[in-house]
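Structure first, then comments.
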Amino acid sequence: MLRKFIVIACLFSGISCALADPPDAITPAPANAPYLLAGAPTFDLTVVQFREKYNRDNPTLPIGEFRVIPSREDDSPLLTRAASKLNENLYASTALEKGTGKIKTMQITHLLLQGNEEKPARAIAINYMAALMRQFEPALTVEESIIKVSNLLEKGKGSYFYQQQVGAIRYVVADNGDKGITFAVEPIKLALSEP
């Protein structure tokens with residue numbers, strides 16, 4: 001179990017590694033992910049508030065309590081990382097702003113399985129990812145969110161970092177090959193256009 005949390009932490013540390021310049025792009029990874037920087041935006045939502053609403057909206061796809069991931073030497077002192085095991089190959093994870101506990105990124109990571117088990121496991125992962133998406137785009141239907149997540153995963157296939165901006169949020173797909181695939185939702189700062 002510790003090994004899986006370490007894999008999650010490794011995936012988690014490098015997932016959001018580009019700026020939101022193009023709304024839909026594969027980009028190289030800069031030195032620091034935007035959510036790691038001081039002043040990076042947060043959702044106006046704590047992980048407790050998120051879980052309460054998410055679990056009420058998705059009783060068949062519950063997310064358990066998040067447990068803090070011990071800090072590493074290279075971790076940002078501005079963040080608290082936490083994860084929740086959904087099943088043997090699926091995890092939810094988050095980075096929280098220290099002090100406020102507000103969410104900077106919310107992620108679902110699917111660790112790939114071998115053989116016949118992968119197809120049903122991937123379907124469950126996509127359902128969780130779609131449920132996560134609907135928390136931030138509530139106008140989407142279940143079917144629309146599943147299609148949208150499937151399209152994002154397809155576009156991000158084989159890419160270390162793929163992003164798509166929708167209003168004030170960014171969806172990120174990080175495909176780490178046999179180590180798994182992570183889907184994240186992050187807030188972005190919107191800039192006013194100059195006249």
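- The closest side-chain heavy-atom distance from V142 to R134 is below 4.5 Å.
- Distance alone, capped at 3.5 Å, is enough to place a donor-acceptor pair between the N87 side chain and the N89 backbone.
- For the atom pair CD1 of I126 and CD1 of I108, the computed distance is 12.5 Å after rounding to the nearest 0.5 Å.
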- When you look at F136 and F43, which way does the ring-ring contact (aromatic ring centres under 6.0 Å, His included) test go after all the steps? CA-CA 10 Å; F136 297 95; F43 289 115; 4.4 Å; yes
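- The minimum heavy-atom distance linking I124 with L90 is given by the pair CG2-CD2, 4.0 Å.
- Every residue was checked against the ring pair (Phe, Tyr, Trp, His ring centres under 6.0 Å) condition with F66, not counting sequence neighbours, and none meets it.
- Put simply, L140 and I147 are part of two different groups of oily side chains (I, L, V, M, F, W, Y) that touch within less than 4.5 Å, one to the next.
- At distances below 3.5 Å, at least one donor-acceptor pair connects side-chain atoms of T94 with backbone N or O atoms of T105.
- When atom types are taken as modelled, the side chain of D178 and the backbone of L112 share no donor-acceptor pair closer than 3.5 angstrom.
- Listed for the Q49 side chain is a donor-acceptor partner under 3.5 Å among the backbone atoms of T46.
- Legend: salt bridge (charged side-chain N to carboxylate O under 4.0 Å, His left out) pairs involving residues 156-169, not counting sequence neighbours: none detected.
- Between the side chain of Y54 and the main chain of L61, a donor-acceptor pair closer than 3.5 Å is present.
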- Query: Under the side chain to side chain contact (heavy atoms under 4.5 Å, CB included) criterion, do Q165 and I188 qualify, and how do the steps go?
  - Reply: CA-CA 9 Å; Q165 182 178 326; I188 58 171; 3.1 Å; yes
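- Side-chain atoms of T182 and Q107 include no donor-acceptor pair closer than 3.5 Å.
- The nearest pair of heavy atoms linking P62 to L86 is O-CD2, 3.8 Å.
- A salt bridge links D44 with K102: the closest approach of a Lys/Arg side-chain nitrogen to an acidic carboxylate oxygen falls below 4.0 angstrom.
- With rounding to the nearest 0.5 Å, the separation of CD1 in I63 from CG in N58 is 8.0 Å.
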- Quick one: do L132 and V185 satisfy side chain to side chain contact (heavy atoms under 4.5 Å, CB included)? Show the steps, please. CA-CA 8 Å; L132 175 62; V185 182; 3.9 Å; yes
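- A 4.5 Å side-chain heavy-atom check between L79 and L96 finds every atom pair outside the cut-off.
- Between the side chain of R51 and the backbone N or O of G64, at least one donor-acceptor pair lies under 3.5 Å.
- Here the straight-line distance linking atom CE of M106 with atom CD1 of I103 works out to 3.5 Å at 0.5 Å rounding.
- Taking the side chain as every heavy atom from C-beta outward, R122 and L153 approach each other to under 4.5 Å.
- At least one donor-acceptor pair closer than 3.5 Å links the side chain of E144 to the backbone N or O of T141.
- For D175 against G156, the heavy-atom pair with the smallest separation is CB-O, 3.6 Å.
- M133 has its side chain within reach of F183: a pair of non-hydrogen atoms, C-beta onward, lies under 4.5 Å apart.
- Closest of all the heavy-atom pairs between K104 and T42 is CG-CG2, 3.6 Å.
- Enclosure of atom CD in E117 is not indicated, since only 12 or fewer non-hydrogen atoms of other residues, nucleotides or ligands lie within 6.0 angstrom.
- Both M129 and I169 are assigned to one and the same hydrophobic cluster, defined by single-linkage of ILVMFWY side chains at heavy-atom distances under 4.5 Å.
- Residues R170 and V172 are in side-chain contact: their nearest non-hydrogen atoms beyond the backbone lie under 4.5 Å apart.
- The cluster map of Ile, Leu, Val, Met, Phe, Trp and Tyr, joined by side-chain heavy atoms under 4.5 Å apart, puts V166 and Y162 in the same cluster.
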- Task: Before giving the answer on side chain to side chain contact (heavy atoms under 4.5 Å, CB included), spell out for T100 and E97 the whole-Å C-alpha distance, their side-chain angles and the decisive distance to 0.1 Å.
- Result: CA-CA 6 Å; T100 68; E97 181 178 59; 2.6 Å; yes
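- For the side chain to side chain donor-acceptor pair (under 3.5 Å) with Y171, the lone residue among Q163, Q164, E137, K148 that qualifies is E137.
- Contact of the Q135 side chain with the D57 side chain is registered, since non-hydrogen atoms from C-beta on lie closer than 4.5 Å.
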